[in-house]
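Written below as structure tokens is the structure these notes are about.
These figures come from a predicted structure and were not determined experimentally. Atom set for the values below is all heavy atoms of this structure, side chains included, hydrogens, waters and symmetry mates excluded.
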Amino acid sequence: MNDVATGENTAVCLNPDTFVYSFPKLDWQAWYRQKIRHISVSKYYRKKNKFLLGSLATSQMLVWMLFLGLIGFLIYDVLVFWLIGLFLLRLISQWIIFSKASQNLNQIIKTKSIPVFDFMFTIYYLIMGFWSFVFRKKKIKWR
């Protein structure tokens with residue numbers, strides 16, 4: 001898909017008859033192997049897509065690190081209100097986007113879980129990013 005997909009020959013289809021469902025991995029080892037396999041093919045992505053995905057991950061990690069790291073130091077500073085405001089603006093934006101996506105995909109996303117999963121995804125980026133660099137020369141087995 002990476003080599004042939006363009007804006008002219010691909011489209012988004014939100015018809016439920018076209019949805020493809022996959023079953024989640026049932027144990028941590030299988031999940032981890034799957035994620036490492038996914039990361040192993042990222043070298044074949046277009047440069048623009050690598051940049052966009054990297055920017056998304058980096059910005060997400062920075063938001064959480066700044067929020068959690070600076071919030072303790074800025075308790076009495078007016079900057080803390082700006083930091084909290086920006087964090088809440090990002091969170092509200094996510095709620096709006098995910099709610100709309102949830103409606104379009106006929107799925108239910110519990111809005112209370114968004115901040116929790118967003119933080120967990122940040123931890124995922126840190127761990128899997130580290131492991132992908134440590135083991136990047138290792139041959140990945142595909143089934």
Side-chain angles (χ1 to χ4, degrees), residues 1-7 10-16 18-143:
M1 290 305 296
N2 188 52
D3 291 336
V4 297
T6 67
T10 56
V12 175
C13 183
L14 297 177
N15 183 331
T18 65
F19 293 178
V20 176
Y21 297 94
S22 62
F23 296 102
K25 299 299 178 186
L26 299 177
D27 62 72
W28 285 106
Q29 187 176 16
W31 176 86
Y32 175 77
R33 275 194 314 269
Q34 180 187 46
K35 295 305 170 190
I36 292 296
R37 281 195 315 270
H38 291 171
I39 291 171
S40 74
V41 298
S42 65
K43 62 186 171 192
Y44 300 112
Y45 291 3
R46 292 179 181 159
K47 286 182 183 182
K48 176 185 172 188
N49 294 342
K50 286 183 192 180
F51 174 77
L52 290 172
L53 289 169
S55 297
L56 176 66
T58 302
S59 67
Q60 183 171 359
M61 287 186 290
L62 284 174
V63 163
W64 277 100
M65 284 193 261
L66 283 171
F67 180 71
L68 296 175
L70 293 178
I71 201 79
F73 294 109
L74 303 172
I75 291 173
Y76 299 110
D77 197 317
V78 80
L79 188 57
V80 76
F81 295 108
W82 283 101
L83 185 63
I84 291 171
L86 287 173
F87 186 79
L88 289 175
L89 178 65
R90 180 180 176 272
L91 189 60
I92 291 167
S93 298
Q94 282 183 318
W95 277 333
I96 292 168
I97 292 167
F98 289 149
S99 294
K100 183 72 172 161
S102 179
Q103 290 171 352
N104 287 339
L105 298 173
N106 297 324
Q107 297 293 319
I108 296 172
I109 297 174
K110 295 179 182 173
T111 55
K112 290 184 276 186
S113 65
I114 291 173
V116 174
F117 287 127
D118 189 54
F119 180 73
M120 289 171 60
F121 208 42
T122 302
I123 302 299
Y124 164 81
Y125 280 141
L126 291 170
I127 293 170
M128 295 306 283
F130 172 77
W131 283 111
S132 69
F133 280 114
V134 170
F135 296 112
R136 68 177 161 203
K137 294 180 183 175
K138 186 178 176 183
K139 180 78 172 154
I140 305 297
K141 276 198 329 192
W142 288 81
R143 293 186 195 254

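Side-chain atoms of Lys35 never come within 3.5 Å of backbone atoms of Met128 as a donor-acceptor pair (strictly under, hydrogens ignored).
The NZ atom of Lys47 sits 12.5 Å away from atom CG of Asn49, with the distance rounded to the nearest 0.5 Å. Separating the CG atom in Leu89 from the CD1 atom in Ile84 is a distance of 13.5 Å, to the nearest 0.5 Å. The CG atom of Leu88 sits 10.5 Å away from atom OG of Ser93, with the distance rounded to the nearest 0.5 Å. Here Ser113 contributes atom OG and Phe98 contributes atom CZ; the two are 9.5 Å apart, rounded to the nearest 0.5 Å. Taking CG from Leu53 and OG1 from Thr58, the interatomic distance works out to 10.5 Å, rounded to the nearest 0.5 Å. For the atom pair NZ (Lys100) and CD1 (Ile96), the distance works out to 11.5 Å, reported to the nearest 0.5 Å.
A 6.0 Å sphere centred on CE of Met120 holds no more than 12 heavy atoms belonging to other residues, nucleotides or ligands. The environment of Phe23 atom CZ is sparse: at most 12 non-hydrogen atoms of other residues, nucleotides or ligands sit within 6.0 angstrom.
For the pair Gln60 and Arg90, the minimum side-chain heavy-atom distance is below 4.5 Å. Here the side chains of Leu86 and Phe67 are not in contact, with every heavy-atom distance at 4.5 Å or above. Side-chain contact between Ser59 and Trp64 is absent, with no heavy atoms from C-beta onward closer than 4.5 Å.
The ring of Phe121 has its center closer than 6.0 angstrom to the ring center of Tyr125.
In terms of heavy atoms, Thr6 sits closest to Thr10 at O-OG1, 2.5 Å. Pairing each heavy atom of Val63 with each of Phe87, the nearest pair is CG1-CD1, 3.8 Å. When all heavy atoms of Phe119 and Leu68 are compared, the closest pair comes out as CE1-CD1, 3.5 Å. Across Lys50 and Lys43, no two heavy atoms sit closer than the pair NZ-O, 3.2 Å.
Identified under the ring-ring contact (aromatic ring centres under 6.0 Å, His included) test for residues 40-61, with sequence neighbours left out: none.
Not counting sequence neighbours, the partners of Gln94 by the side-chain hydrogen bond (donor to acceptor under 3.5 Å, both in side chains) test are Asp118. In this view, Leu126 and Met61 satisfy the side-chain contact (heavy atoms from CB on, under 4.5 Å) rule, not counting sequence neighbours.
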